[in-house]
Engineer: 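I have a structure here, written as structure tokens, and I will follow up with some questions on it.
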2 protein chains.
Amino acid sequence: MRTEQAIQSKLKPEKPGPFGRGSTVSLRDVAREAKVSVATVSMVLNGNPRISRATSLRIQRLVERMGYQPNRLAQSLSSRYTNVVAVILPALRHAFADAYFGEVISGICDKAGKMGYKVMLEQAKPDFIREKQHIRIFERRYVDGVLCLGTNDRHKWVEDFGVSGCPAMVIDNSFDAFSVDHVMCDYRSGCEQVMNYLLQLGHRRIGMITAAPDIKAARTVVDTYRSKLREAGIEPNPVWIEDGKFTEEGGAQAAHKILEKDPQITAIFGGNDKMAIGAMYQVVNLGLKVPEDISVVGFDDLRHAAFVNPTLTTIHLPLYEVGMAGMERLVERIHGRPEPVREVLPTHLVVRNSTALARTVST
Amino acid sequence: MRTEQAIQSKLKPEKPGPFGRGSTVSLRDVAREAKVSVATVSMVLNGNPRISRATSLRIQRLVERMGYQPNRLAQSLSSRYTNVVAVILPALRHAFADAYFGEVISGICDKAGKMGYKVMLEQAKPDFIREKQHIRIFERRYVDGVLCLGTNDRHKWVEDFGVSGCPAMVIDNSFDAFSVDHVMCDYRSGCEQVMNYLLQLGHRRIGMITAAPDIKAARTVVDTYRSKLREAGIEPNPVWIEDGKFTEEGGAQAAHKILEKDPQITAIFGGNDKMAIGAMYQVVNLGLKVPEDISVVGFDDLRHAAFVNPTLTTIHLPLYEVGMAGMERLVERIHGRPEPVREVLPTHLVVRNSTALARTVST
DNA sequence: CAGTTTTGCTAAACTGTTTTAGCAGATCGA
DNA sequence: TCGATCTGCTAAAACAGTTTAGCAAAACTG
């Protein structure tokens, strides 16, 4: 029953819109126009050498003129690759508004763009994990791989990827309980640099605000803090360590407790910039001065650290680079790289105005 | 030539992995096992009432047992809906690390999850626009719609969506030059609240740090600032207004210029929190006190504003809610809603410690 | 009890690619 | 000069769903 009207050439997509109602050009349209099979057009577009130069050029021009765009749903269905990766963020209310994650995601997106990948966002909320969505996004062909940010030891689901053979990369952390690909910052060296610096400035009683003992990277920092103190002949006092929950508020409270239990503290080392900033806030609130009375050091070097008062001495983490590297390794993994990925990127100290020589403490 | 081995039931996906090598269950597998056609299984899954209750239940159980997951590439190819939307961010180096965008994206993702949508990330870099990628992600069936964040008047590409009939939503801004769907905060009312408050505190010479005159929302604030001054019988002095480029550094420099040109200023109103924080930093640097000498007000109410010293008085923008509403309206648009979207969400003043009664100025 | 409607399902077409098997005709080697 | 190889292309299957037309049989209607 089909009339001859269908024969009219599709040289121009008939209307600019409305979109999605059969207005786009398909391989079939190009093939019909060029009087070749769809296989030929497909092979031209994929640079298959079995097509003659003449035919190839002729079809390339036609593709150009007709404004053909391959439908990537069909491509993915056929090729079994979606060229999409997911970034899985923890279920924190302000995860997206966090400068730490932002920096990593920025690196991931830039690298993904260069490699022809798209980036999808997921949040690992309890429902998401319970419904096995983290595996389903693979089974349902949403993604070829995932990058896991902000993980901790309780995130058992990270192991599921390995078991199911789904390419996954843990960013800026690692796990003791099982083996998993990861790319992270050198937390040990970062902490060593802080401790060397503070000890050099004459600090002996150094408070440490940590957070989340269930994060391997965070534990590494505390362990290094302790061993560097011992190395310097100082027995770390348990009251010097408090939990700051990774937040400004937590950092402020932790600083308060530390200074209450040992007023002779001369420096406070925050496990991240936010807690260090909270600590500074609290120190000032207690009528003390930074850095004259108390030196404060952070860890992250968020853009913001240079704009608090006083500006914050901190460890620079190459978060953007970690994101890029993670993305790159993940794609290698997707394409069959067999060896495990265990990459560690260097960190360095940035000295600003929140640190000074230790005040002389009455002993 | 096919042997009878294929007949063995696929009740359990043969191995947990390796993934992606023909290990998943398809509609065809379920149909074979249930001894019905694929159409029947498809109809059961889509709740088509033309299937008997008995068959439906039987198949549902089988689907459950076999762990069938519909392949969404095939679904999308057939249905012409991807159930994916893109968030387009401006090409700023730290766009993802920005708390403002983070808050909006958080709202978008939460709402998207509830509506069965996935969120893709894109950055509107020059190349991206030049290659018409913003339209191509539609043509190539990556997405059903886009949400545009951080737009300004120079972003002519926003108009392309309308022209091409691609569902798009501008978030927290609008355009004079053309008509486009948008959901935004009430900038006018926010500014009015700030000005009412400062005038009530006795401030008469009020500096304003603005940014990007090519952003409609920002212009609205400056216009309102001027008209509120006039309303109070004060002729706005051009030297009171400076550009702060939306950054802390810019805010600091702008504050410096304003105070240089008119030292009798008693309050500074920053067009966003970052610039206000930069301004505070600079005011203190100049040996003045906040709020005793100079009151400072921000605009955004980023989480961080409560943790600077002194804590920042600011306008709370419902960014999370704007993200949610934008996502919701976009999906309506995708499904054919004809009326344009022009939504404005209310803002409110949050008074903290960076503002006080105006100091008495020698006239 | 013939004729119509309803019910429950199937076959086949359709979405738009990639890929493999293979067909002619030309080229080559012995 | 005959078989083998190469060249350039096509037909068809595969990917995994949705949707429409339509077929029997059962259930109604008059």
Side-chain angles (χ1 to χ4, degrees), chain A residues 1-2 6 10 13 20-59 63 66-83 138-142 144, chain B residues 1-2 6 10 13 20-59 63 66-83 138-142 144:
Chain A
M1 263 308 166
R2 56 183 150 72
K10 266 210 179 184
R21 308 286 155 244
S23 69
T24 49
V25 183
S26 78
L27 254 201
R28 212 165 251 88
D29 298 323
V30 178
R32 192 183 308 127
E33 196 72 20
K35 301 202 198 307
V36 295
S37 72
V38 290
T40 305
V41 183
S42 174
M43 288 167 132
V44 166
L45 291 166
N46 293 303
N48 191 314
R50 289 176 55 182
I51 304 295
S52 74
R53 195 147 177 67
T55 313
S56 181
L57 283 170
R58 184 168 63 91
I59 290 178
V63 161
M66 297 177 74
Y68 166 76
Q69 294 292 325
N71 177 321
R72 88 141 235 306
L73 293 170
Q75 284 185 318
S76 297
L77 184 60
S78 188
S79 72
R80 308 189 136 270
Y81 287 108
T82 63
N83 278 32
F138 282 91
E139 293 177 346
R140 300 202 52 196
R141 309 277 162 190
Y142 270 101
D144 293 337
Chain B
M1 265 302 170
R2 56 181 149 74
K10 267 209 179 186
R21 307 288 157 241
S23 71
T24 48
V25 183
S26 77
L27 251 201
R28 218 160 247 88
D29 297 323
V30 178
R32 191 183 310 127
E33 195 71 21
K35 302 198 198 308
V36 294
S37 72
V38 290
T40 306
V41 183
S42 175
M43 287 167 131
V44 166
L45 290 167
N46 293 303
N48 190 313
R50 289 177 54 182
I51 304 296
S52 73
R53 194 145 179 69
T55 313
S56 181
L57 283 170
R58 183 167 64 91
I59 291 178
V63 161
M66 297 178 74
Y68 166 76
Q69 295 291 327
N71 178 321
R72 86 141 235 304
L73 293 170
Q75 284 184 319
S76 296
L77 184 60
S78 187
S79 71
R80 307 188 140 271
Y81 287 109
T82 63
N83 277 34
F138 283 91
E139 293 177 346
R140 301 203 51 198
R141 308 277 164 191
Y142 271 101
D144 293 336

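Here is the naming used below: chain letters follow the sequence lines, and residue numbers restart at 1 for every chain.
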Engineer: Could you give the start and end, 5' to 3', of the contact zone on DNA chain C for chain B, using atoms under 4.0 Å from its heavy atoms?
Structural biologist: C/dG8 to C/dG16

Engineer: Both A/Ser78 and A/Arg50 contact DNA chain D. Taking the nearest nucleotide for each, which residue is further toward the 5' end?
Structural biologist: A/Arg50

Engineer: Starting from the 5' end of DNA chain C, give me the residue, A/Ala39 or B/Ala39, whose nearest nucleotide shows up first.
Structural biologist: B/Ala39

Engineer: Between atom CZ in B/Arg80 and atom P in D/dT18, what is the gap in whole Å?
Structural biologist: 15 Å

Engineer: Using whole Å, what does the distance between atom C1' of nucleotide D/dG17 and atom CZ of B/Arg32 come to?
Structural biologist: 15 Å

Engineer: How do B/Ala74 and B/Met43 order along DNA chain D: which one's closest nucleotide is nearer the 5' end?
Structural biologist: B/Ala74

Engineer: Quick check: closest heavy atoms across A/Val36 and A/Arg58, and the distance to 0.1 Å?
Structural biologist: CG1-NH2, 3.7 Å

Engineer: With heavy atoms under 4.0 Å as the rule, sort B/Arg72 into base, sugar-phosphate or nothing.
Structural biologist: nothing

Engineer: Less than 4.5 Å apart, side chain to side chain, heavy atoms only: is that true for A/Glu33 and A/Val30?
Structural biologist: no

Engineer: Starting at CD1 of B/Ile51 and ending at P of D/dT20, how long is that distance when rounded to a whole Å?
Structural biologist: 14 Å

Engineer: Looking at B/Asn48, is its backbone amide N or carbonyl O close enough to the side chain of B/Asn46 to form a donor-acceptor pair, meaning the two atoms are under 3.5 Å apart?
Structural biologist: no

Engineer: Side-chain donor or acceptor of A/Arg140 under 3.5 Å from a matching atom on the base of D/dG17?
Structural biologist: no

Engineer: By the 4.0 Å heavy-atom rule, please label A/Thr55 as base, sugar-phosphate, or nothing.
Structural biologist: sugar-phosphate

Engineer: Starting at CG of B/Asn83, measure out to OH of A/Tyr142 and round the result to the nearest 0.5 Å.
Structural biologist: 6.0 Å

Engineer: Describe, as an angle rounded to 10 degrees, how the axis at the first end of the helix from C/dC1-D/dG30 to C/dA30-D/dT1 is tilted relative to the axis at the last end, five pairs per end.
Structural biologist: 50°

Engineer: Remember a base hit wins even if backbone is also touched, and classify A/Ser52 as base, sugar-phosphate or nothing at under 4.0 Å, heavy atoms.
Structural biologist: sugar-phosphate

Engineer: Please report, rounded to the nearest Å, how far the P atom of D/dC15 is from the CG atom of A/Leu73.
Structural biologist: 18 Å

Engineer: Would the distance check show the side chain of B/Arg140 and the main-chain N or O of A/Pro70 forming a donor-acceptor pair, the cut-off being under 3.5 Å?
Structural biologist: yes

Engineer: Strictly distance-based, threshold 3.5 Å: is any side-chain N or O of A/Asn71 a donor or acceptor partner for the main-chain N or O of A/Leu73?
Structural biologist: yes

Engineer: Using whole Å, what does the distance between atom P of nucleotide D/dT18 and atom CG of B/Leu77 come to?
Structural biologist: 11 Å

Engineer: Give me the atom names and distance for the closest heavy-atom approach of A/Thr24 to B/Arg141.
Structural biologist: OG1-NH2, 3.8 Å

Engineer: To the nearest Å, give me how far apart CD (A/Glu139) and P (D/dG17) are.
Structural biologist: 12 Å

Engineer: Find out whether B/Leu45 and B/Leu27 are in side-chain contact, i.e. whether some heavy atom of one side chain is under 4.5 Å from a heavy atom of the other.
Structural biologist: yes

Engineer: If we ignore hydrogens and angles and just use 3.5 Å, is the side chain of B/Ser42 paired with the main-chain N or O of B/Val38 as donor and acceptor?
Structural biologist: no

Engineer: Could you report the tightest heavy-atom contact between A/Tyr81 and A/Ser76, atom names first, then the distance?
Structural biologist: O-OG, 3.1 Å

Engineer: In whole Å, I'd like the distance from the CD atom of B/Gln75 to the P atom of D/dT18.
Structural biologist: 5 Å

Engineer: If you compare every side-chain N and O of B/Ser42 against the phosphate oxygens of D/dT18 (OP1, OP2), does one of them come in below 4.0 Å?
Structural biologist: yes

Engineer: Would you mind reading off the distance between A/Asn48 atom CG and D/dC6 atom C1', rounded to a whole angstrom?
Structural biologist: 15 Å

